[in-house]
Amino acid sequence: MGARPHLSPSLAALMSAAAALAPEAHAQTATGAETDSRVSYRFNDYSEDSLAPGPHLGDPERYRVLSQQFQLATRAGSESAIDVSATHEVMSGSSPWYLLRGPDNRPIQVMSGATIQEHRNEVRASWTQGAGTSSSTTWSASYSQERDYRATALGVERSVPLGDALTLGYGGSFSHDLIDPFEAEKYDRVRHEDKNSASAFGSLAWVIDRASVLQTGLQLNVEHGYLSDPYKLVSVGSSLVDDLRPDRRVQAAWLARYRRAFSAADAALHVNYRYAQDNWGIVSHTVEAAWFQTLPSRWELVPSLRYYSQQQARFYAPYFVDAGSHNFYSSDYRLGTFGALSASFNLRKRIGKWEFSGGVERYHAATDYALGGADAVVPGVVSYTRAFIGLDYLLQ
Amino acid sequence: MVSATHGSDEIHRIKFSSMGCPCELQVEADAQLAERAAAVVQAEVDRLDRKYSHYRDDSFVAMIGASADAGESIVVDNETADLLDFSAALHAQSGGKFDITAGALTRVWDLQSDRVPEASAIEHARSRCGWQRVEWARPNLRLPVPGMRLDLGGVVKEYAADRAAVLCRQIGVEHGIVDLGGDLAVIGAHADGSAWLAGIKAPRDTRQAIAQIELARGGLATSGDYERVMIVDGRRYSHIVDPLSGYPVASFASVSVVADSCLIAGAASTFGMLLGLDSGYAWLRDLGLPFLCIDADGNASGTLARENAEA
Amino acid sequence: MTMRKAMLHAIGILLVLATTAFARAVDVGSPAPAFELPVFAQKDKRMTLAEQRGKVVLLDFWASWCGPCRQSFPLYEKLRSEMPAADFTLLAIDLDEMTDGPAAFLYEHPVHYVSLADPEGDVAKAYGLRGMPSSFVIDRDGIVRAKHMGFKPQDIDELRKEILESIGAKNAQ
Amino acid sequence: MRNRIRVAARRAAFLAVTGCALLGGCATTPVQPWERGQLARWDMRWDPDPLQGAMAGHTRFSKEGSSGEIGAAGGGCGCN
């Protein structure tokens, strides 16, 4: 009498009628419907590929981050829900510091010394009114703290039904970050800086038919304050200067998300597209597709693919011949032109009230993956592998 | 108590009689625990027999009958209420065929008399059945028609088997099986993990087992027309009466089902018998539980039939 | 197409969508639309609303995927057991298209009242359902005395009052 | 600099509005409340696994130049 893959209606009716008299049998095979109230734990192992072979100075072993996530999501009363989560990260490894022009014009990547171990802790709480209905309001707050960076953010999201087929979404957030670079004296870095950012979004979701829904939305994000990277330097002529970026950034992102259920296959297809553009000149396209396949005896397989391509910031270059007309310069690889292909595969298995999950993501970036081909070289472009295991306990 | 060895502990077999049928408890444990288990099981089965047997005139079911005759309602305890709720659900799901108020009808079909009752007697008995006429608002029960009787035969024996298994587990028995007249409830598989072998009696010749079924957990129930049967002018009349027609069911000779509990197996096997030869088999196949049907000519069918066919 | 024209066009469309016509919802005081449906998991057994005539009926439209239904079932089961069987029937109508979902749901939330199956949603359309779940209190003569959309645990008290009133009304006459 | 921002914002807004008008314009028969079983599926949510979504999003936020999602933006981090 192994786990029945299929509980026939007549058997379910019999078993539910006998529930009071045969509680033991009932409890043993309780299937436990999907429930929003759960306690979750995830362990993530993120490790970047070491530096590509080529001239470099310093430790090529790049970043390794082990992070643990804890979450409690539960109903509070019949209409609202609370979601509290905490993240603890331990980071180690070196990261690109600056680039030197090599004798044959090939860039030499200088890596910063491997940091011993840095910790980052973040707590996040949200309260949703009208949970599970199309008309809801979610208030959220988060605080992230590491040795050199503290960020506080508040947000609100509202969902309003417009008639039977449309749902309007809107909201915004505000974040205040404090930056206190370590070893500021030793490396003559900025001592204490801060940054404020505000975002607003609007979305419209449309129920196309009983199995598919499409959502389109726009998010505007304005950042003001210290936006440079205090740990990175830039070769300008023969000297090394601090990474210097504008103190304002306005970014607009337009997203479209499509969900389609396939009840015969007991699966669902997710397709997302994002176009983003900012006043630093970075334009990016992102396409993502995921297939959620439910299998008998409560297994779920989720393969997914993602393609990302970005165009470099105006003030990005591996190195600058001379100061010239530039008033901003950065050689941070994250501002260069590159594309990235990533594939991930997640698994989930439900046994009674427990849910075991795991998965792996491989992200590979390269300058020639970019739409429209490569621009200036980006020696520090990063690829990584991320794996996670998770355990959920379903409340109620 | 007969002991045989299977794995480290001995298997103790304790036979006793209750609920009008031969019962047996098999326990793989040390002698004292087996002794205590036997006492606990017999006490529980006898308690339920005294409480729910419609053969005895001092049972709670008889008291309910008396209240029916007096036209009053009666307050019932939680266990009875759960059994009534379960029976009410089965009544709804079987379209009225599973009816515990058919007591008057089972009385009219006196199978020892070898005589088919008069049509008028059957009609009179049928007029005093019908769960839909009962006023049941837990914990108050009122049988509106004087002479109406409850017959929990299709539920109590299986419920008792499950109860016995639960009580054995509670006193520490891990490996054993309870058999109340063919309705089996597993306490736990053998110490080495192997399943118990349960034999299903042949309807025509109850001494000989027609099928051997492996039971590692849950329960097995068999309902059939072989124990109490009457043959008049070559026709078989079984003790399973269709309350809608008033006549015994023309159905399989026996239906056996395996389920998570003996109670569910019993409900399913009774349904199979009540729905009869045509829709009974289809209903059992859609149900999805392992089952075995044997017709009057001894042909076996159902998911458990194939396994035995090869053996 | 300047920005302004595009914006006006969009708002126009939104207004049209927001007021799409809905099946006429059943009003309180009007007769409850008759129906005949198979019992869930009992293809050959059918039940009708007319059969319940003479009893007060609480009609509950539910589906296995509807969250509030998980809270309503235990409370409806308790409510049913409090009411006199001779005067009151609780009739549930499952609107799932497939049978796996409701089968597991009924196993999770055991109840002793009967559920009928309306996978096509014809009866739901006849009653002009506007939300899930929806429940209707129908008196002994088949007239809708109260209707509720959605379910919050505190609704059960109001429902109990409406049912007792409908039961009482007959005895009072 | 200012003019460039205005162009970017207007083009993005225009795309959004036309998007809404387009999909709003071809409304088929409305989906009735009881026909929403598949839409209520767990794997049809915008974010079926919030913790994994947050972790993947955070990793990309710290390794890519662009970010943006439908919803209130999360807090920042040192992330170098």
Side-chain angles (χ1 to χ4, degrees), chain A residues 34 40 42 44 46 69 71 95 120 140 142 144 146 148-149 151 153 155-157 164-165 171-173 175 177 199 201 203-204 206-207 209-211 213-219 221 229 231 250-255 257 259 261 263 268 274 276-277 279 282 284 292 308 310 334-335 382 386, chain D residues 1-2 4-5 7-13 15-20 22-24 26-33 35-46 48-52 54-56 58-60 62-80:
Chain A
E34 292 309 329
S40 312
R42 296 285 187 281
N44 297 274
Y46 163 90
Q69 294 167 290
Q71 180 185 35
S95 59
R120 183 177 84 88
S140 61
S142 70
S144 166
E146 43 194 306
D148 57 357
Y149 200 97
V156 62
E157 295 182 33
D164 217 30
S173 69
S175 171
D177 304 1
S199 85
F201 80 94
S203 67
L204 200 58
W206 174 49
V207 175
D209 57 36
R210 61 173 70 191
V213 59
L214 179 68
Q215 180 185 46
T216 176
L218 182 66
Q219 185 191 54
N221 197 342
D229 184 324
Y231 302 105
V250 178
Q251 186 173 204
W254 175 63
L255 298 98
R257 304 197 288 190
R259 300 286 183 267
S263 59
R274 179 184 71 187
Q277 179 178 348
N279 61 337
I282 300 176
S284 75
F292 287 74
Y308 172 78
Q310 79 173 36
R334 290 172 291 189
L335 301 180
V382 71
R386 184 173 64 81
Chain D
M1 178 60 132
R2 193 156 315 292
R4 186 180 295 284
I5 296 174
V7 166
R10 191 190 301 132
R11 185 183 303 152
L15 274 176
V17 168
T18 345
C20 307
L22 193 68
L23 54 96
C26 38
T28 55
T29 52
V31 177
Q32 302 292 357
E35 295 170 331
R36 300 203 167 203
Q38 296 182 57
L39 300 173
R41 286 170 63 104
W42 182 78
D43 51 14
M44 280 290 280
R45 294 180 178 189
W46 295 116
D49 188 339
L51 281 181
Q52 264 316 292
M55 183 49 67
H58 174 72
T59 310
R60 288 172 191 146
S62 58
K63 294 301 161 189
E64 292 172 349
S66 277
S67 64
E69 53 185 356
I70 292 183
C77 70
C79 317
N80 43 26

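So that the names make sense, note that chain A is the first sequence line, chain B the second, and so on, each numbered from 1.
- Ranked by heavy-atom pairs shorter than 4.5 Å toward chain D, the options A:Ser142, A:Ser144, A:Ser199 are led by A:Ser199.
- Shown here for A:Leu214 and D:Trp46, the closest heavy-atom pair between the two residues is C-CH2, 4.2 Å.
- Taken to the nearest 0.5 Å, the CG atom of A:Asp164 stands 5.0 Å off from the CZ atom of D:Arg36.
- Heavy-atom pairs under 4.5 Å with chain D were tallied for A:Ser140, A:Ser284, A:Ser175; the largest tally goes to A:Ser284.
- Across A:Ala268, A:Ala151, A:Ser203, A:Ala153, the residue that shares the most heavy-atom pairs under 4.5 angstrom with chain D is A:Ala268.
- Taking the side chain as every heavy atom from C-beta outward, A:Asn44 and D:His58 never approach each other to under 4.5 Å.
- Using a 4.5 Å cut-off between heavy atoms, D:Ala56 touches chain A through backbone and side chain atoms alike.
- A distance of 12.5 Å separates CG of D:Leu39 from CZ of A:Arg259, quoted to the nearest 0.5 Å.
- For the options D:Gln38, D:Glu64, D:Glu35, D:Met44, heavy-atom pairs under 4.5 Å to chain A are most numerous at D:Glu64.
- The greatest number of non-hydrogen atom pairs below 4.5 Å with chain D, out of A:Gly171, A:Ala211, A:Gly155, is found for A:Ala211.
- In terms of heavy-atom pairs under 4.5 Å with chain A, the best-connected choice from D:Gly68, D:Gly71, D:Pro50 is D:Gly71.
- No other option in A:Arg257, A:Glu157, A:Gln310 has as many heavy-atom pairs under 4.5 Å with chain D as A:Arg257.
- Summarising the geometry, atom CZ belonging to A:Arg42 is positioned 5.0 Å from atom CG belonging to D:Leu51; distances are rounded to the nearest 0.5 Å.
- A donor-acceptor pair under 3.5 Å is absent between the side-chain atoms of A:Arg120 and the main chain of D:Cys77, judged by distance alone.
- Expressed to the nearest 0.5 Å, how far OH of A:Tyr308 lies from CZ of D:Arg60 amounts to 11.0 Å.
- Note that the CD atom of A:Gln251 and the OG atom of D:Ser67 stand 4.0 Å from one another [nearest 0.5 Å].
- Counting all heavy atoms, side chain and backbone alike, A:Thr216 lies closest to D:Ile70 at C-CD1, 4.2 Å.
- Side-chain contact between A:Phe292 and D:Asp49 is absent, with no heavy-atom pair separated by less than 4.5 Å.
- Here the closest heavy-atom approach between residue D:Ala72 and residue A:Gly172 is recorded as CB-O, 3.6 Å.
- The CZ atom of A:Arg210 lies 9.5 Å from the CD atom of D:Gln32; values are rounded to the nearest 0.5 Å.
- In this structure, the portions of A:Ala261 lying under 4.5 Å from any heavy atom of chain D include both its backbone and its side chain.
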